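One structure, as structure tokens, below. Some questions next.
All values below were derived from every heavy atom in this structure, side-chain atoms included, with hydrogens, water molecules and symmetry-related copies excluded. Source: prediction; values computed, not measured. Order of the sequence lines fixes the chain letters, A, B, ..., with proteins taken first and strands second; residue numbering starts at 1 for each chain.
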Amino acid sequence: MNRNLIIGLILSAIAILAALVSFIWTPFDHVAMNIPAKLQTPNLTHWFGTDHFGRDIFSMIMVGARTSIAVAFVAVGIGMGLGIPLGLWAAARKGSYVDELIMRANDLIFAFPSLVIAILITAIFGAGAVNAIIAIGIFNIPVFARVVRGAALPIWEREFILAARVAGKKAARISVEHILPNVLNLLIVQATIQFSLGILAEAALSYVGLGAQPPTPSWGRMLADAQTLVSIAPHLALIPGFAIIITVMGLNLMGDGLRDHLNPRTRVART
Amino acid sequence: MKHFVSQLALASALSVAGFAAHAANTDITVAMQLEPPHLDPTSAAAGAIDSVLYSNVFEGLTRFMGDGSVVAGLAKSWDISNDGLVYTFILHDNVLFHDGSTMDAEDVQFSLNRARADDSTNAQKALFAGITNISVLDTATVVVTLDAPNGNFLFNLAWGDAIIVAPESIDGIKQAPIGTGAFKFANWVQGDKIELIRNDAYWGTPAVLENVTFKFISDPTAAFASVMAEDVDAFVGFPAPENLPQFEADPRFQVLVGSTEGETILSTNNKMPPFDNVKVREALAHAIDRRAIVDGAMFGYGTPIGTHFAPHNPAYVDLTGTSAYDPELAKKLLAEAGFADGFETTLHLPPPSYARRGGEIIAAQLAQVGIKAQITNVEWAQWLETVFRGKDFGLTIVSHTEPMDISIYANPEYYFQYENPAFQELITNLNATTDPEARTALMGDAQRMISGDYVNGYLFQLAQLSVAKAGVQGLWANAPTQATDLTAVSWAD
């Protein structure tokens, strides 16, 4: 285990733990407003202070972690669920019209700035967590399709694949039984990175008001709400900002660490 | 040391230069949130048009003052016949339009006929509904005949929708307005600013300022930054009440807190079940804690109201008691209406913070009595399309900024769809009454009727919040109509 991986795991674990614990316990009801107690700085009762409606920020951060993680998780799931089969299919039919069709369609999606299109999708179909998931998910498809295809192509040239083909296995079966296990390491690393990007994208969409709608807490919207209050209550912006930084940094470090850890070459080099 | 001295000299030189420029300051940059879609106040409802042009560029026969009173404008005086049907207006002499042509009785006749014509696109055609004839006696005398006495007629003529325009200027009015005011339109950089210059041929008291720039800054954070950085000299209708204490504490600025005609209401679709049930609407009214909304959404700026009427109006009746905050009563009423377990509805919120923040608070308050309000944030265009025209909504929050607009409740087609023949009759009576005491009594009845029918949730009267540099004087603190009257604004020495 390298240092990046350990730090990354710890930081990510904090966010995931906060999200999980929020299902059974938060210090306060995260939607309960108490306007006379608004804009308190962090204190013993309200550990992270209160927002402009007197809601407990600590509780909101915990539940907000749930929103961020859920959106990113499902979005990455969509990306993997559709992107991996497409990538495997394209690799199996390398050079054919299927390959061309899949990869050019992927290029088309990839050519658009992802956040702009995500904003477009939520603007057309309405703001909300579900549409945010779909919007972020769509942009994960070409990422996984490309990674899988790129990694799968050299494997198709290997002898054990030839052996499988000689044994009469169909391309689809070879893809699942032999190709997929050999690109899995790469996929785990990519998924971690996409996961952190998903959390950032969710925060960005919520920031512009297109993500989870109130009263569902979301780190991005907490930042947006804090905008005009930042000069009188800076903790309102700093706390969700740090929550996003810690989570995204944690996932990125974990991704880097996993890549080094799972890659046989670097692993050997380090021991 | 030498370095320090030279810096000091430079600094003092700069401050002297700064002082010299300040002493002769006849320029002002005024910021506001919304940019007008075009520049014709007589063919659109957008208040932003009046905010720039009312009184500055365009004038009517009568006009509003900053305290809400109606005084003579282009009409020097008028005479009302004993039956209240014939108004004879005497116009000021030597009034010139900005293009140099004379403003005379024919322009008045043209303007009022244009506003009340069948194909008129005037946003407030009702203001002119009672006019049967407009005739020109001589170049300075206009006679307006009404079909019934109208106690509001002079008030109606003071609206921005009733300003006087020249027939030949209509073609270009949306881009290059030509009026009679103390300022002339100079330039419009769309998306950024509108510039006016002083009209040296003005018929009345000339303006002190020479150059006026209106800047449009919609984002509250940018608004705060622009004032703090002194990029603008004043911000009228400052969008972030939470920042005002900082300006108050800063000697560079003054904060103006005034009243507006904006009744901020939880508008309720009276034709959509379950809101067609008066018990449900009553429950809604009792579920709302106004104080929490004023404190939470407006940081304390705003006066709670219990009906659709401005509290600073002498005819206002305080009816907040009929819809006092009482969640237990609300639950009981819901149970009586058959919604013991509550129900689900939608809450459309336009961009201003009174709506977005107020909406979050109201959703939380409604949740306490079992009503689940699904929040949908919408832009203004979308709000006008779905809510105002499409009437496809359950609840929405909006501030009705037109003055004396309780008569909208007499229109069953209006977006909240309140249909009550008794109220419609009451408004017809009110319009035909000229006796001030009888009018006050009728306005009281009207307020009580809509309050008792719980037509909408009445929240608070929007405050007019403006920030200006300490040296700016003569700005309106109140907003009796949508206007930023700069004709009497100047810099203190």
How long is the span from the CG atom in B:Leu349 to the CD atom in A:Gln213, to the nearest 0.5 Å? 9.0 Å
Are there more than 12 heavy atoms of other residues, nucleotides or ligands under 6.0 Å from atom CG of A:Asn43? yes
Go through the atoms of B:Arg357 and report whether side chain, backbone, both or neither lie under 4.5 Å from a heavy atom of chain A. both
Toward chain B, the part of A:Leu210 with a non-hydrogen atom under 4.5 Å: neither
Okay, B:Ala363 and chain A: the region with an atom under 4.5 Å from a heavy atom over there is neither
Contact between A:Ile35 and B:Ile361 at the side-chain level, heavy atoms closer than 4.5 Å - yes or no? yes
Under a 3.5 Å cutoff, is there a donor and acceptor pairing between the side chains of A:Ser231 and B:Gln246? yes
Pick one of side chain, backbone, both or neither for B:Asn377, based on which atoms fall under 4.5 Å of a heavy atom in chain A. both
Step by step, would you call A:Met33 with B:Glu360 a side chain to side chain contact (heavy atoms under 4.5 Å, CB included)? CA-CA 10 Å; A:Met33 294 182 182; B:Glu360 275 199 63; 4.1 Å; yes
Non-hydrogen side-chain atoms of A:His52 and B:Glu242 separated by less than 4.5 Å: no
Apply side chain to side chain contact (heavy atoms under 4.5 Å, CB included) to A:Val230 and B:Thr221, showing your working. CA-CA 9 Å; A:Val230 78; B:Thr221 317; 6.0 Å; no
Inspect the surroundings of NZ in B:Lys391 and state if more than 12 heavy atoms from other residues, nucleotides or ligands are less than 6.0 Å away. yes
Is any side-chain heavy atom of A:Gln227 closer than 4.5 Å to one of B:Phe224? no
Answer yes or no: are there more than 12 heavy-atom neighbours, outside A:Phe73 itself, under 6.0 Å from its atom CZ? no
Given B:Ala240, B:Ala292, B:Ala367, the one with more heavy-atom pairs under 4.5 angstrom with chain A than any other is B:Ala292
Check each atom of A:Asn34 against the heavy atoms of chain B and say whether the ones under 4.5 Å are side chain, backbone, both or neither. neither
